[in-house]
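As structure tokens, the structure follows; a few thoughts come after it.
First the proteins, then the strands, lettered A, B, ... as listed; each starts at 1.
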Number of protein chains: 2
Amino acid sequence: IKSAVDLTLYLLTDDAYLNEEKFWRVIEDCLKNGVTAFQYRAKGKKGAEMYREGMRLKELCEKHGVSYFVNDRLDLGMALNADGVHVGQEDLPLEVVKKHFPGKIIGLSATNYEEGITGIKAGADYLGLGPIFPTSTKEDAAPPCGVEVIRKLKEEFPNTPVIAIGGIDKEKVSEVIRAGADGIAVISAVFGAESPAKAVYELRETIIKAKE
Amino acid sequence: IKSAVDLTLYLLTDDAYLNEEKFWRVIEDCLKNGVTAFQYRAKGKKGAEMYREGMRLKELCEKHGVSYFVNDRLDLGMALNADGVHVGQEDLPLEVVKKHFPGKIIGLSATNYEEGITGIKAGADYLGLGPIFPTSTKEDAAPPCGVEVIRKLKEEFPNTPVIAIGGIDKEKVSEVIRAGADGIAVISAVFGAESPAKAVYELRETIIKAKE
Ligand code: NI
């Protein structure tokens, strides 16, 4: 099951976009146009609301054959029978999450080489690595790690998918893919675009070309 | 296992008290002096911190033979192997939590008769019912339901423990216990007292007398 999951173009939500009225029109267009994996991230909502909203999104993902992940909340991931859960360095420990969600894909955020190596050794099924480039949106973001970290991690652990995240727009996709990233995770490059569906399509095309 | 749990004097944490420096001195005194069950409640903390703090509290509870519950977060309850999880009306649905934490005690907050009945029928192992009396501390609290609701619920479902919560001080304990409450849940009546350990001892004595 695990190997069937395609993390090439991994779309994340973010409260700001999620709570916009147009979100529900936009999201289905994105899922249809090339998104391969989706992560539901809803900070500061109550469990009942996350359960309803997460279920609605999971059904859309299933309809379009997109893998479905839940951010941070293992319990919500279990409740929704997600394909996996994505945790950060400050969430419940990776080992604990893996133990309680057997057979599922547990991803980990890493901001640099050390966190990446430690995470892989602890059993992370994939890494969300970043920010690779400077980002303007997150004030509390870690310093950018650069594409060389991707190359180093993939040389040492070729079997663990590395998904590049943070400040990746159309122009930078080729660079991270050529450095060895298995995919990219995006929020604003899609939801902030004039046409999110077109952004998805073009990102996907660029990734495919860069992988050739 | 379930019947062995004593919810007579159920102490809850609250971020305000939990983050005070003296908390760790106070809590062990309370657990020694008559608290029968404890609930770890930490809103707005990250998972890793809740895991560390919750583990430390669980060890203290085990040491003193106090049942240990986690508020809201099923995943944290699982991670800590708590005796149970307590959910509110806006948390993950009770049925979902019960399904994923079999053999454990799942409690539910109810603010009135209807929520109580619905919760019991949905399988709540106990109810945290309240506020029974007007409370000054919580601005968003539901209207007080009064002691008669305890009597009615216990008449219809004598086997489901009803724990009274909200605005219960030393003076009001006897009233709720005589109305049929199996126990009381307290925060400020203990942590706000000049001597929390003494408050625990006195509340326990009052409950025992009222039950005679
Ligand atoms: Ni489980």
Between atom CG of Leu60(B) and atom CD1 of Ile27(B), what is the distance when rounded to the nearest 0.5 Å?
7.5 Å
When rounded to the nearest 0.5 angstrom, what is the spacing between CD1 in Ile184(B) and CD1 in Ile165(B)?
10.0 Å
So how far is it from Phe69(A) CZ to Leu7(A) CG, rounded to the nearest 0.5 Å?
5.0 Å
I'd like to check the ring pair (Phe, Tyr, Trp, His ring centres under 6.0 Å) partners of Phe23(B); sequence neighbours left out, ordered by chain and number.
Phe191(B)
Supply the atom-to-atom distance Ile106(B) CD1 to Leu94(B) CG, rounded to the nearest 0.5 angstrom.
7.5 Å
For a quick check, list the donor-acceptor atom pairs closer than 3.5 Å between chain A and chain B, or say none.
| unit_1 | atom_1 | unit_2 | atom_2 | d |
| --- | --- | --- | --- | --- |
| Gly47(A) | N | Glu90(B) | O | 3.3 |
| Ala48(A) | N | Glu90(B) | O | 2.9 |
| Ala48(A) | N | Asp91(B) | O | 3.3 |
| Leu74(A) | N | Asp75(B) | OD2 | 3.1 |
| Asp75(A) | N | Asp75(B) | OD2 | 3.4 |
| Asp75(A) | OD2 | Leu74(B) | N | 3.1 |
| Asp75(A) | OD2 | Asp75(B) | N | 3.4 |
| Met78(A) | O | His100(B) | NE2 | 3.4 |
| Glu90(A) | O | Gly47(B) | N | 3.3 |
| Glu90(A) | O | Ala48(B) | N | 2.8 |
| Asp91(A) | O | Ala48(B) | N | 3.2 |
| His100(A) | NE2 | Met78(B) | O | 3.4 |

Minimal heavy-atom distance between Leu11(A) and Cys30(A), with the atoms involved, is CD2-CB, 4.0 Å
